[in-house]
Visitor: 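A single structure is presented below for examination.
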There are 2 protein chains.
Amino acid sequence: MATSASLAQAPTAAAPDAAELRGVAQALFAPVPTAVAEVRGEAITAEQVELGKWLFFDPRLSRSHVISCNTCHNVATGGADNVPTSIGHGWQKGPRNSPTVLNAVFNIAQFWDGRAADLKEQAKGPVQASVEMNNTPDRVEATLRSMPAYVAAFGRAFPRERDPVNFENMARALEAFETTLTTPDSRFDRFLAGADSLDAEELRGLSLFVEKGCIACHAGVNLGGQAYYPFGVVERPGADVLPPGDKGRFAVTQTASDEYVFRAAPLRNVALTAPYFHSGQVWDLRQAVAIMGSAQLGHELNAAEVESITRFLHTLTGNQPRVANPVLPASTAATPRPE
Amino acid sequence: MATSASLAQAPTAAAPDAAELRGVAQALFAPVPTAVAEVRGEAITAEQVELGKWLFFDPRLSRSHVISCNTCHNVATGGADNVPTSIGHGWQKGPRNSPTVLNAVFNIAQFWDGRAADLKEQAKGPVQASVEMNNTPDRVEATLRSMPAYVAAFGRAFPRERDPVNFENMARALEAFETTLTTPDSRFDRFLAGADSLDAEELRGLSLFVEKGCIACHAGVNLGGQAYYPFGVVERPGADVLPPGDKGRFAVTQTASDEYVFRAAPLRNVALTAPYFHSGQVWDLRQAVAIMGSAQLGHELNAAEVESITRFLHTLTGNQPRVANPVLPASTAATPRPE
């Protein structure tokens with residue numbers, strides 16, 4: 001490819017020392033755990049995970065009976081839908097790019113503006129949003145109660161509750177299932193664990209990622225997803241990438257300093273989740289890296305630097321979850337009809 | 001339920017002799033095979049099935065990148081979408097109810113009007129239909145060729161071909177995967193094999209199904225799907241159930257005697273695939289049975305008869321296929337963007 005060729009001719013920095021870089025990386029990042037045992041101090045049970053899987057794949061959570069959680073957070077395609085903004089009820093387009101569900105449990109809060117504290121709260125949003133699944137809690141509960149197999153599954157998942165089939169427990173079960181959607185064992189995580197799993201260019205990319213300051217926002221398990229920052233700290237991108245009508249976290253906090261503030265994107269599996277940014281208008285990961293350099297860091301990264309960082313980002317792709325499709329309970333005469 | 005109560009009070013016929021009925025049934029029907037070894041005399045390979053699974057779940061076969069085969073033929077919900085008519089590109093509604101993909105390989109031809117000779121031909125239809133996936137063969141081929149993992153998978157699936165990534169082979173692979181979507185071991189099939197797996201009422205339903213003449217159209221492995229019949233042989237149903245604008249097989253053959261002629265619906269897993277008929281306007285299987293009685297047989301079936309036949313139809317639900325979601329190749333810079 002042209003970029004590789006020009007890179008080979010460019011005067012390159014000496015390859016970073018892998019051992020030294022590993023020490024730095026271990027202080028900044030952490031590997032993706034294979035399992036999450038609890039949320040909010042409560043153990044996650046196998047019965048909750050199984051129920052959550054049913055719900056995640058059930059299009060009857062939507063008013064149309066056509067859209068499931070998996071429609072926009074597709075486990076087959078990096079946990080997202082890979083379109084600029086999701087298509088919902090009536091073919092309406094949502095306002096922002098669908099974030100990946102993979103490793104989402106490790107984010108400090110959910111949505112681009114962090115308006116949901118956790119996956120449980122997040123799960124309630126798209127089900128009700130008129131441009132997404134366009135449903136109501138009452139209608140969802142009536143749907144779930146209409147099927148004896150769902151009633152039994154809620155009973156198994158929440159055995160100490162008298163009336164377990166409710167919207168809150170739908171959200172808890174979805175969260176439980178989503179905690180299983182982690183992607184351990186990326187090449188980067190193997191590097192963190194001591195393996196020689198990155199090549200010289202990827203190491204150079206990691207080194208640049210540290211030195212140029214990307215780590216200011218993109219650190220921790222998810223290399224991001226931990227705090228909020230203005231998009232365009234140094235230089236505001238064009239209106240295509242940063243549409244003036246979407247003021248980000250300002251809508252949550254109503255604080256002037258939160259205008260155009262978003263949660264730093266988590267970068268795990270970022271090579272699988274184009275297009276990029278909340279606006280979903282950038283398809284090329286290299287271009288996204290370059291925009292971040294100029295907008296957030298005030299660095300005009302050169303082509304070789306962009307390429308190295310991009311190559312490093314590809315090492316963040318972990319083992320994708322293998323999810324068997326559930327066999328869902330059949331609707332009954334009492335199930336609300338699609339609208 | 002009210003129907004059961006009234007049934008208990010009704011003067012019921014003596015329970016049919018199970019052994020005798022089994023003999024009759026064995027002559028009319030056949031169990032669902034667990035596997036299909038070949039199509040059109042060619043062996044199906046594991047590599048074709050695996051590629052077909054990728055394709056079946058890949059929303060990038062659609063122009064929008066949002067609709068996959070599984071959207072309307074959902075393996076989690078009886079192999080269909082359980083809405084009156086499918087929702088496709090731009091939220092357009094299709095003209096007919098989506099038939100189940102489960103056991104579809106055993107039908108004589110595909111679609112309600114049999115216009116596709118087999119699943120390979122069928123697979124090409126929805127991908128191109130403007131109200132469904134709205135794509136073109138050229139664009140599909142460009143999409144598949146843009147991803148090295150797809151190119152390799154086509155090479156494995158069609159190893160003797162020089163240029164295996166093409167629309168025809170997409171259809172062949174989809175067909176190969178779909179031949180695995182069979183539902184063996186229903187209670188009815190266990191009865192055919194000699195087990196006492198049907199209760200007295202289900203046996204009565206089977207007996208009525210034979211005696212009343214349902215078997216004229218609904219026989220063989222799929223209890224239907226083998227030939228074409230006018231809808232409304234004896235009495236034409238209302239325009240809601242039989243819309244005058246849809247003349248069925250007439251559109252295929254341009255023969256006057258084919259007006260309102262449709263392929264007899266296959267009845268395997270029929271309890272999972274409401275709503276019923278090509279128009280998808282009947283939600284209650286009992287009502288569908290009653291309509292068939294009057295429209296096709298000229299029998300006004302009484303409530304007890306309808307209930308018995310309906311109970312029998314529930315025994316046609318077999319083991320649903322357990323399908324693991326594939327992990328799909330990531331799009332590349334060369335992948336056509338969603339539109």
Side-chain angles (χ1 to χ4, degrees), chain A residues 1 53-54 56-60 62 64-68 70-72 74-78 81-93 183 269-275 280 283-287 314 317 319-333 335 337-339, chain B residues 1 53-54 56-60 62 64-68 70-72 74-78 81-93 183 269-275 280 283-287 314 317 319-333 335 337-339:
Chain A
M1 296 190 304
K53 185 166 81 168
W54 289 13
F56 191 83
F57 285 94
D58 199 327
R60 291 167 298 188
S62 67
S64 65
H65 287 199
V66 168
I67 302 169
S68 72
N70 193 63
T71 302
C72 302
N74 194 331
V75 296
T77 55
D81 52 9
N82 302 354
V83 296
T85 64
S86 296
I87 290 175
H89 193 85
W91 210 258
Q92 296 174 89
K93 293 191 178 173
T183 66
N269 307 293
V270 69
L272 305 180
T273 60
W283 287 86
D284 183 345
L285 186 51
R286 291 182 196 85
Q287 189 189 349
H314 274 77
T317 301
N319 286 345
Q320 301 299 295
R322 297 281 170 171
V323 183
N325 276 280
V327 174
L328 296 174
S331 295
T332 67
T335 308
R337 304 257 168 91
E339 288 173 6
Chain B
M1 298 192 302
K53 186 166 80 168
W54 290 13
F56 191 83
F57 285 95
D58 200 327
R60 291 167 299 188
S62 67
S64 66
H65 287 199
V66 168
I67 302 168
S68 71
N70 193 63
T71 301
C72 301
N74 194 332
V75 296
T77 54
D81 52 10
N82 302 354
V83 296
T85 64
S86 296
I87 290 175
H89 193 86
W91 210 258
Q92 295 173 90
K93 292 190 178 172
T183 67
N269 306 293
V270 70
L272 305 180
T273 60
W283 287 86
D284 184 345
L285 185 52
R286 290 182 195 85
Q287 190 189 348
H314 274 78
T317 301
N319 286 345
Q320 300 300 294
R322 298 280 170 171
V323 183
N325 276 279
V327 175
L328 296 174
S331 295
T332 67
T335 309
R337 305 256 168 92
E339 287 173 6

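Chain A is the first sequence line, chain B the second, and so forth, proteins listed ahead of strands; every chain is numbered from 1. Heavy atoms only: backbone and side chains are in, while hydrogens, waters and symmetry mates are out.
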Visitor: If you tally heavy-atom pairs under 4.5 Å against chain B, which of A271(A), G78(A), A324(A) wins?
Guide: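 Option with the top pair count is A324(A).
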Visitor: Taking P326(B), A330(B), A274(B), G90(B) one by one, which has the highest count of heavy-atom pairs under 4.5 Å against chain A?
Guide: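 If we count pairs closer than 4.5 Å to chain A, G90(B) comes out on top.
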Visitor: What part of N325(A) gets within 4.5 angstrom of chain B, counting heavy atoms only: side chain, backbone, both, or neither?
Guide: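 Interface part for N325(A): both.
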Visitor: Can you say whether S64(A) sits under 4.5 Å from chain B via the side chain, the backbone, both, or neither, judging by heavy atoms?
Guide: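 Interface part for S64(A): both.
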Visitor: Heavy atoms only, distances under 4.5 angstrom: which of L272(A), V66(A), V327(A) has the most pairs with chain B? Name it, please.
Guide: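 The option with the most such pairs is V327(A).
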Visitor: Minimum heavy-atom separation for P84(B) to P338(A), with atom names?
Guide: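 Scanning both residues, the minimum pair turns out to be CD-CG, 4.2 Å.
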Visitor: Which atoms of P275(A) are under 4.5 Å from chain B, going by heavy atoms: the side chain, the backbone, both sets, or neither?
Guide: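 P275(A) has no heavy atom closer than 4.5 Å to chain B.
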Visitor: Side chain, backbone, both or neither: which part of D58(A) has a non-hydrogen atom closer than 4.5 Å to chain B?
Guide: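 Neither part, no heavy atoms under 4.5 Å.
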Visitor: With rounding to the nearest 0.5 angstrom, report the CH2 to NE2 distance, W91(B) to H89(A).
Guide: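 So the CH2 of W91(B) and the NE2 of H89(A) are separated by 5.5 Å.
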Visitor: Given that the side chain runs from C-beta out, which part of I87(B) has a heavy atom under 4.5 Å from chain A: side chain, backbone, both or neither?
Guide: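 Just the side chain, heavy atoms under 4.5 Å.
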Visitor: Which answer fits T77(B), side chain, backbone, both or neither, if we ask what part of it has an atom under 4.5 Å from a heavy atom of chain A?
Guide: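 The side chain, not the backbone.
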Visitor: Look at T332(B), N74(B), I67(B), L328(B) and state which one has the largest set of heavy-atom pairs under 4.5 Å with chain A.
Guide: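 Greatest number of close heavy-atom pairs with chain A: L328(B).
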Visitor: Is L285(A) in contact with chain B via its backbone, its side chain, both, or neither, using a 4.5 Å heavy-atom distance?
Guide: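 No part of L285(A) comes within 4.5 Å of chain B.
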Visitor: Counting only non-hydrogen atoms closer than 4.5 Å, does P329(B) touch chain A with its backbone (N, CA, C, O), its side chain (CB onward), both, or neither?
Guide: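 When you check distances to chain A, no heavy atom of P329(B) falls under 4.5 Å.
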Visitor: With chain A, which of R322(B), R337(B), R60(B) has the greatest number of heavy-atom pairs at distances under 4.5 Å?
Guide: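 Highest number of heavy-atom pairs under 4.5 Å: R337(B).
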